[in-house]
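Here's the structure we're looking at; comments come further down.
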2 protein chains.
Amino acid sequence: MRLTAEDLTTRARIRDAAIGLFGRDGFGPATVRAVASAAGVSPGLVIHHFGSKAGLREACDQHVLAQTASQGKEKTDPATTRQLIQDYLNHPDQYADEIAYIRRSLGDESEAGDAFFDAVVRQTQDVIEAGIAAGTIREFDDVRSTAVVVASNSLSMLMLGRHLSRALGADVIEPHGIGPELLRQLTVPALDIYTNGFYADSRFLDAARDALQQDTNNQGREHAP
Amino acid sequence: MRLTAEDLTTRARIRDAAIGLFGRDGFGPATVRAVASAAGVSPGLVIHHFGSKAGLREACDQHVLAQTASQGKEKTDPATTRQLIQDYLNHPDQYADEIAYIRRSLGDESEAGDAFFDAVVRQTQDVIEAGIAAGTIREFDDVRSTAVVVASNSLSMLMLGRHLSRALGADVIEPHGIGPELLRQLTVPALDIYTNGFYADSRFLDAARDALQQDTNNQGREHAP
DNA sequence: ATCGCGATTGAACAAGTGTTTAGTGTATGA
DNA sequence: TCATACACTAAACACTTGTTCAATCGCGAT
């Protein structure tokens, strides 16, 4: 259950307003005055509570990170995955602010973004290893790199959500880009590739292996003049 | 061949400096003064040539878009793809500025970013359809959506390059994140998934199809209270 | 009742922003 | 030769930014 704004302490109200504005406008463009106004408070009070704009952002980082770390610890089996999908489809804008905030953190280089990305990769790797053990996921030569690729692919929806909706000609542009309409159109094609592959045979894979092998031989001179 | 800074007209020098700074620092943080300084010129001259900072950005958008549209029209068959990979591996920082700039454009909502994303999707779809005709790529129920997914996955490397290098423990942090070291580690795992799939069977795909089918039935009430 | 202390505000400040303006050269064409 | 146009600069302007400061407000403890 989400607390309404009136139930929160002023400090928390400011922080939540900041999370919303930081996520929507970015850390630079979102001004202290705008945050204060959104929280129904004076700009000075924002500084009084958080010391500086950087301090405010730090508090937002910690809060969002803690918020997202608490959930998403137990999604390993297909049943729970389906549960999560349906849950998100029914409450689309429940985590909208956090999602937008994380997107900004991943784009704008920051420790919070690093931590979040690492957490996603770690969790992805756990899921893969559990899936391999359970026989639901293939075995890979390099599980770590595979986890990074899969995590990157997943997060691309977060980073490019706006473009995805646009490219699919969404009737309504969803608040932060990623929404039910989007998932409904992209989940099956994505899982289709993950299930049946994309290429018809291993020609591309072999070609890439050749190219990289050949490159490894010339590894001495990185930057050719 | 790339022209050196001295050979360019002042206007072009300013524009190139702006592309570099916009890509490195972002459109907001990169100041007119910084651009002017990087181009060895006074701030007023920047405005004199481009009317405003927005006009400067527009010129940069057009230039980068034209630059990237000229290349990347003929990469359809595996041989050319390998050629491109090797070419990029040998000249890593040739297009570094453009890559960083495009990354910013895709993140910061802008017409240029939209145009670039659409171009990538369109090109991806062309490649897929050509591949299907040639028998190198599987057939899909929804080619358009598949193209969007593949394009999104590809661009994730661009958007998250910094995190990818970090997560893979790159010895040296590449200038804009994506570089030879990164490609060498991620190309094969990525193509492995695209070739042999990720899941061991179609259980996840079926589960997702069920969930979405079930959701389509309840489509009337979007936001459950 | 009053003291004290944190929450809160409104106004101000210093720094940085994009932009303007007046002025200086410096070519080129009449 | 001169005048016009253009590239270019230095300084200033108007504005926004984050932050500070003095002054209240409200409330619990003494």
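Below, chain A is the first sequence line, B the second, and so on; all start at residue 1. Owing to the predicted nature of the structure, the values given are computational and were not obtained by experimental measurement.
For B:Arg33 against C:dG16, a side-chain-to-base donor-acceptor contact under 3.5 Å is absent.
OP1 or OP2 of C:dT8 lies within a sub-4.0 Å distance of a side-chain N or O belonging to A:Thr10. Look at B:Thr31 and you won't find any side-chain N or O under 4.0 angstrom from OP1 or OP2 of C:dG16.
Residue whose closest nucleotide on DNA chain D sits further toward the 5' end, between A:Gly51 and B:Val41: B:Val41.
Rounded to whole angstrom, the span from the NE2 atom of B:His49 across to the C1' atom of D:dA7 amounts to 6 Å. Protein atom CD1 of A:Ile14 is 15 Å distant from nucleotide atom C1' of D:dG18, rounded to whole Å. To the nearest angstrom, P of C:dT17 lies 18 Å from CZ of B:Phe27. Rounded to whole angstrom, the span from the CG atom of B:Leu45 across to the C1' atom of D:dC6 amounts to 11 Å. The nearest whole Å value for the distance from the NZ atom in B:Lys53 to the C1' atom in D:dC15 is 15 Å.
Here A:His48 lies in heavy-atom contact (under 4.0 Å) with a base.
Under a 3.5 Å cut-off, the side chain of A:Arg11 and the backbone N or O of A:Phe50 do not form any donor-acceptor pair. Remark: side-chain polar atoms of A:Arg33 are not paired, donor with acceptor, to backbone N or O of A:Pro43 under 3.5 angstrom.
Using the six-membered ring where Trp is involved, B:Phe198 and A:Phe140 have ring planes that are parallel, under 30° apart on the 30 and 60° scheme.
Between the side chains of A:Ser152 and B:Ser156, a donor-acceptor pair is found at a separation under 3.5 Å.
With D:dA7, C:dT19, D:dT20 as the choices, the nucleotide that has an atom nearest any side-chain atom of A:Ile47 turns out to be D:dT20.
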